[in-house]
Amino acid sequence: MTILIAGTIDITNGKHGQAIIDATSVMIDIRQQTGCNHYVWSADPTSDTRVYVFEDWENTAALAAHFSGPNFAKMFAVLANYDVEDIVVTKYKIALAEPITDN
């Protein structure tokens with residue numbers, strides 16, 4: 001079962017772009033973890049605070065290993081350098097994935 005993680009982080013003072021730059025090396029390391037298909041933070045171009053989080057994991061075991069590993073802690077260490085106003089992130093368990101069109 002595929003696991004998707006999606007959500008937002010709001011970083012105040014217009015520093016969300018710098019936070020993404022600071023997180024880049026950790027994102028690269030996370031993408032190398034077993035079971036990680038995709039991991040990215042991206043800035044919302046219409047906001048000076050909003051960062052979108054998107055993750056795609058092969059299964060719950062891979063995500064659990066990520067949560068208990070050093071890269072998860074490193075990502076929060078990056079966030080600790082910034083004024084975070086809000087974090088809303090949700091886990092989705094996907095039983096079926098198919099093309100977006102029905103053709």
Side-chain angles (χ1 to χ4, degrees):
M1 176 180 299
T2 297
I3 306 297
L4 298 181
I5 305 293
T8 59
I9 303 170
D10 286 307
I11 297 173
T12 61
N13 302 324
K15 295 183 179 180
H16 68 309
Q18 186 60 50
I20 292 170
I21 291 168
D22 291 349
T24 299
S25 66
V26 182
M27 282 188 260
I28 291 168
D29 290 344
I30 290 171
R31 289 177 183 180
Q32 301 305 308
Q33 289 182 239
T34 300
C36 181
N37 297 320
H38 191 74
Y39 187 102
V40 68
W41 287 10
S42 59
D44 183 335
T46 68
S47 170
D48 63 355
T49 63
R50 177 69 40 101
V51 172
Y52 287 97
V53 176
F54 180 78
E55 305 175 33
D56 178 345
W57 295 89
E58 288 181 11
N59 51 50
T60 55
L63 180 60
H66 167 63
F67 286 156
S68 65
N71 290 322
F72 186 70
K74 288 177 187 176
M75 196 54 77
F76 275 95
V78 169
L79 286 175
N81 294 315
Y82 295 92
D83 293 323
V84 176
E85 187 172 85
D86 196 21
I87 298 176
V88 178
V89 180
T90 304
K91 174 174 67 176
Y92 300 89
K93 296 178 180 179
I94 308 300
L96 173 66
E98 58 188 15
I100 61 171
T101 60
D102 290 330
N103 300 338

Output the distance between atom [atom1] ([X]) and atom [atom2] ([Y]), rounded to the nearest 0.5 Å.
X: T34; Y: Q32; atom1: OG1; atom2: CD; result: 9.5 Å
X: T24; Y: D29; atom1: OG1; atom2: CG; result: 11.0 Å
X: N37; Y: D56; atom1: CG; atom2: CG; result: 4.5 Å
X: R31; Y: N71; atom1: CZ; atom2: CG; result: 12.5 Å
X: D10; Y: R50; atom1: CG; atom2: CZ; result: 4.0 Å

State yes or no: do V89 and V84 share one hydrophobic cluster built from I, L, V, M, F, W and Y residues joined by side-chain heavy-atom distances below 4.5 Å, directly or via other members? yes
Using the rule that Ile, Leu, Val, Met, Phe, Trp and Tyr join whenever any side-chain heavy atoms are under 4.5 Å apart, tell me whether M27 and Y52 fall into a single cluster. no
In the structure I gave you, are the side-chain heavy atoms of W57 and Q33 within less than 4.5 Å of one another anywhere? yes
Do Q18 and D22 have side chains that approach each other closer than 4.5 Å (heavy atoms only, starting at C-beta)? yes
For [X] and [Y], which heavy atoms make the closest approach, and how far apart are they?
X: N81; Y: A77; value: ND2-O, 3.4 Å
X: H38; Y: V40; value: NE2-CG1, 3.5 Å
X: M75; Y: A23; value: SD-CB, 3.7 Å
X: I11; Y: A19; value: CD1-CB, 3.5 Å
X: T49; Y: H16; value: O-CB, 3.7 Å
X: A62; Y: G35; value: CB-CA, 3.7 Å

Apply the side-chain contact (heavy atoms from CB on, under 4.5 Å) test between I87 and each candidate in V53, T8, V51, L79; give the one that qualifies. L79
Name of the residue among L96, I94, N59 meeting side-chain contact (heavy atoms from CB on, under 4.5 Å) with T2: I94
Does N13 use its side chain to pair, donor to acceptor, with the backbone of K15 at less than 3.5 Å? no
With no hydrogens and no angle check, is any side-chain donor or acceptor of T12 less than 3.5 Å from a backbone partner on D83? yes
Residues F54, L4; criterion side-chain contact (heavy atoms from CB on, under 4.5 Å); working and verdict: CA-CA 7 Å; F54 180 78; L4 298 181; 4.0 Å; yes
For T60 and M1, run side-chain contact (heavy atoms from CB on, under 4.5 Å): C-alpha distance rounded to whole Å, both residues' side-chain angles, the deciding distance at 0.1 Å, then the answer. CA-CA 8 Å; T60 55; M1 176 180 299; 5.8 Å; no
Sequence neighbours left out, what pairs pass ring-ring contact (aromatic ring centres under 6.0 Å, His included) with at least one residue falling in residues 68-103? H66-F72, F67-F72, F72-F76
Steps toward side-chain contact (heavy atoms from CB on, under 4.5 Å) verdict (I5, L63): CA-CA 10 Å; I5 305 293; L63 180 60; 3.9 Å; yes
